Amino acid sequence: MISVRAGIGRILIGKQLLPRTGKRCQALALSGQCALISDSNVAALFAERVKKSLSLSGFCPTLITIPAGEKSKTLEQAGAICDRMIAAGINRQSFVVGLGGGMVGDISGFVAAIYHRGIPHVQIPTTLLAMVDSSIGGKTGVDTRDGKNLIGAFHQPSLVIDDLDVLKTLPRRQFNQGFAEIIKHAIIADTKMFRIMQSWKAGAAPALQRLIKRNIQIKSRIVATDERDRTGQRALLNFGHTVGHAIERAGNYRKFLHGEAVSLGIVAACAISVKRAGLPADQRAAIVDLLARFGLPTRLPPNFPRKKIFDAVKFDKKFEGGKVRFVVTPGIGAAYVADNVMLNDICEAVAAL
Ligand SMILES: NC(=O)c1ccc[n+]([C@@H]2O[C@H](COP(=O)([O-])OP(=O)(O)OC[C@H]3O[C@@H](n4cnc5c(N)ncnc54)[C@H](O)[C@@H]3O)[C@@H](O)[C@H]2O)c1
Ligand SMILES: [Zn+2]
């Protein structure tokens, strides 16, 4: 097992960690009751193991299971969870354990942030995306009818437990989408990680433990410079996300998984970076090649409604004098927020996808 410091808490990465959850919570001086929040798919697979470990260490866990899927990430659902916690007698000294992917991580973290004005949050991410991205940085929240993550709070987890064994049951598409965020991290901050990933043989199992650790370090280093997303440093993590979010929205959040849409967004951001930031064309080609090798889409289906993507970009972004703040890469391993990108550049890049 390896342990990484991130924010105020620790992240543990290794195998066979679920049965050690209770002991790890004890080490944080937590005690008494806790809410174990999970979704219907994940609870069926892992909740018993976590519950047992917590009980054996003297905790009194209440399992709260919500339906799997993004549609559960709402204010109503967060309220319903709080009501169940109150009914179970969970108090100010208690804590929340979120067991699941990014959806559970976000809503359980939000509940932990608001319950009695904030109680500790322990995250047990069960998707690759949640391990390398959503469990780091303390952003929690829910969606509303008008958009994703519009309501939320910053609340750093006290502990994150990344048990690699849980990834074995993750469907292939879900697993692959985590690589979009990993490749994004390599592009914006780590040339060496990019080269290592390029050298992996197709189909070979990657060295996940070290890879996850490296991604946690990259994201938490960037977050530490701009925890509240105010100075623009944290915005670098949005590389590929302007067009990615627009593609997700244009596909009604059904056609593409988040990581798949981000993969396409990265391809578009690279085309824009060639034009506006001097990204060498061979590096752009290497990025597209790496995304494809992890089973991620790099072209839109020919009949996909591109007009809807343009509309969604305009909905999402402020254009001043036809220009927008847009994250570009001048070369693998670096990124900055450019102010010379035009709406037309985005339209051109999407048309070419
Ligand atoms: N807070 C942040 O900084 C941040 C960053 C990125 C994404 N997010 C959020 O994360 C969410 C997406 O996360 P996600 O991709 O993990 O989605 P998810 O949590 O919806 O999980 C995807 C699917 O996989 C299932 N699943 C999870 N773990 C499994 C396992 N081990 N075995 C089998 N099935 C499993 C889930 O039940 C679900 O059906 C979005 O809500 C997004 O907004 C948050
Ligand atoms: Zn993302």
Side-chain angles (χ1 to χ4, degrees), residues 6-7 18 37-47 49-50 65-74 77 98-110 112-113 121 123-144 147-157 160 162-185 188 215-216 219-220 222-223 227 229 234-245 247-249 253 256-266 269 296 327:
L18 293 189
I37 301 173
S38 193
D39 76 26
S40 44
N41 294 336
V42 177
L45 292 164
F46 308 117
R49 246 177 280 173
V50 175
T65 305
I66 60 177
E70 189 70 18
K71 62 185 180 314
S72 280
K73 214 179 96 176
T74 63
Q77 187 62 258
L99 171 69
M103 188 281 284
V104 166
D106 279 10
I107 193 168
S108 64
F110 181 61
H121 184 217
Q123 277 213 58
I124 309 181
T126 61
T127 64
L128 182 59
L129 182 135
M131 290 181 188
V132 298
D133 190 355
S134 59
S135 61
I136 310 146
K139 280 191 180 176
T140 75
V142 292
D143 306 329
T144 74
K148 278 180 55 111
N149 303 319
L150 290 180
I151 294 175
F154 288 99
H155 191 60
Q156 293 283 353
V160 179
D162 291 347
D163 185 340
L164 303 176
D165 295 328
V166 303
L167 298 175
K168 289 180 194 149
T169 53
L170 196 61
R172 174 57 52 183
R173 245 182 107 189
Q174 293 285 353
F175 184 74
N176 287 348
Q177 70 154 334
F179 279 96
E181 305 290 358
I182 291 173
I183 294 169
K184 174 197 80 180
H185 285 153
I188 64 172
N215 279 274
I216 292 166
K219 180 162 180 186
S220 42
I222 293 175
V223 168
E227 207 174 323
D229 214 354
R234 194 166 178 159
L236 299 181
L237 294 162
N238 286 338
F239 182 71
H241 280 61
T242 298
V243 173
H245 283 150
I247 290 174
E248 270 186 292
R249 182 178 261 275
Y253 297 97
F256 295 106
L257 298 176
H258 174 73
E260 294 170 340
V262 166
S263 172
L264 290 159
I266 290 175
L296 291 161
V327 186

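Here the structure is a predicted model, which means the values were calculated and not measured. No hydrogens, no waters, no symmetry mates; every other heavy atom, side chains included, goes into these values. Start at 1 and go down the list; that is how both ligands and their atoms are numbered.
- K139 places no side-chain N or O within 3.5 Å of a backbone atom of I136 that could act as its donor or acceptor partner.
- For atom 23 (C) of ligand 1, the nearest non-hydrogen atom of the protein is Q174 NE2, 3.6 Å.
- Heavy atoms of Q177 come nearer than 4.0 angstrom to ligand 1 in at least one pair.
- In this structure, the protein non-hydrogen atom closest to atom 26 (N) of ligand 1 is V42 CG2, 3.8 Å.
- The distance from ligand 1 to the heavy atoms of N41 drops below 4.0 Å at these ligand atoms: 36 (C), 37 (O), 39 (O).
- Every N/O-N/O distance between L167 and ligand 1 stays at or above 3.5 Å.
- Numbered from 1 in the order shown, with element, the atoms of ligand 1 that lie under 4.0 Å from a heavy atom of D39 read 36 (C), 37 (O).
- From D163, atom CG reaches atom OG1 of T126 across 10.5 Å, with rounding to the nearest 0.5 Å.
- Interface atoms of ligand 1 facing L45, defined by a heavy-atom separation under 4.0 Å, are 32 (N), 33 (C).
- Any N or O atom pair closer than 3.5 Å counts here, and R234 shares no such pair with ligand 1.
- Counting only heavy atoms of the protein, atom 4 (C) of ligand 1 lies nearest to S134 CB, 3.2 Å.
- Atoms of ligand 1 found under 4.0 Å from any heavy atom of A68 (numbered from 1 in listed order, with element): 37 (O).
- For atom 9 (C) of ligand 1, the nearest protein heavy atom (residue, atom name, distance) is D106 OD2, 3.3 Å.
- Checking only distances, T126 does come within under 3.5 Å of ligand 1, N or O to N or O.
- Checking K139, M131, E70 against atom 1 (N) of ligand 1, the nearest heavy atom belongs to K139.
- Residues meeting the ring pair (Phe, Tyr, Trp, His ring centres under 6.0 Å) test with H241, sequence neighbours left out: H245, H258.
- With hydrogens and angles ignored, the 3.5 Å screen pairs no side-chain donor or acceptor of D39 with any backbone N or O of P67.
- Using a non-hydrogen distance threshold of 4.0 Å, K73 registers as a contact of ligand 1.
- Under the side chain to side chain contact (heavy atoms under 4.5 Å, CB included) test applied with K219, the options I222, I216, V223, N215 reduce to a single match, V223.
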**Asked** Could you go step by step and tell me if H185 and L237 meet the side-chain contact (heavy atoms from CB on, under 4.5 Å) rule?
**Response** CA-CA 7 Å; H185 285 153; L237 294 162; 3.8 Å; yes
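- Counting heavy atoms closer than 4.0 Å to ligand 1, residue L257 contributes nothing at all.
- Side-chain contact between Q77 and V142: absent, with no pair of heavy atoms (C-beta onward) separated by less than 4.5 Å.
- Residue T127 has at least one nitrogen or oxygen atom sitting less than 3.5 Å from a nitrogen or oxygen atom of ligand 1, judged on distance alone.
- Annotation for ligand 1: atoms under 4.0 Å from non-hydrogen atoms of K219 are 3 (O).
- Between F175 and L128, the shortest heavy-atom contact is O-CD2, 3.5 Å.
- The number of protein N, O or S atoms lying under 2.8 Å from the Zn ion (ligand 2) is 3.
- Taking each heavy atom of I66 and S72 in turn, the nearest pair found is CD1-CB, 4.0 Å.
- When G109, G102, A43, G178 are checked for heavy-atom proximity to atom 14 (P) of ligand 1, G102 turns out nearest.
- On a distance-only criterion, M103 and ligand 1 share at least one N/O pair closer than 3.5 Å.
- Every residue two or more places apart in sequence or in another chain that forms a ring pair (Phe, Tyr, Trp, His ring centres under 6.0 Å) with F256 is listed here: F304.
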**Message:** Set out, in order, the CA-CA distance, both residues' side-chain angles and the distance that settles side-chain contact (heavy atoms from CB on, under 4.5 Å) for F46 and T169, then state yes or no.
**Reply:** CA-CA 10 Å; F46 308 117; T169 53; 3.5 Å; yes
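- Residues forming a side-chain hydrogen bond (donor to acceptor under 3.5 Å, both in side chains) with R173 (at least two apart in sequence, or on another chain): E260.
- Proximity to T169 (heavy-atom distance under 4.0 Å) selects the following atoms of ligand 1: 30 (C), 31 (N), 32 (N), 33 (C).
- In plain terms, the two heavy atoms of G102 and A130 that are nearest each other are N-CB, 3.7 Å.
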**Prompt:** How far apart are the C-alpha atoms of E181 and V262, what are their side-chain angles, what is the distance that settles it, and do they pass the side-chain contact (heavy atoms from CB on, under 4.5 Å) test?
**Reply:** CA-CA 8 Å; E181 305 290 358; V262 166; 4.1 Å; yes
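- Which parts of ligand 1 touch F46 is read off a 4.0 Å heavy-atom cut-off, strictly below it: atoms 31 (N).
- Nearest heavy atom pair, residue A112 against residue H121, reads CB-CB, 3.8 Å.
- Of the N or O atoms in P171, none lie within a sub-3.5 Å distance of an N or O in ligand 1.
- For ligand 1, the atoms sitting less than 4.0 Å from at least one non-hydrogen atom of K148 are 40 (C), 41 (O), 42 (C), 43 (O), numbered in the order shown with element in parentheses.
- Scanning all protein heavy atoms for the shortest distance to atom 35 (C) of ligand 1 gives L170 CD1, 3.7 Å.
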**Request:** Any chance you could lay out the salt bridge (charged side-chain N to carboxylate O under 4.0 Å, His left out) test for E70 and K148, step after step, and finish with the verdict?
**Result:** CA-CA 10 Å; E70 189 70 18; K148 278 180 55 111; 3.2 Å; yes
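- Scanning all heavy atoms of the two residues, the minimum distance from S38 to L99 falls at OG-O, 2.8 Å.
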**Item:** Audit row: M131, V166, side-chain contact (heavy atoms from CB on, under 4.5 Å) steps and yes/no
**Value:** CA-CA 11 Å; M131 290 181 188; V166 303; 3.8 Å; yes
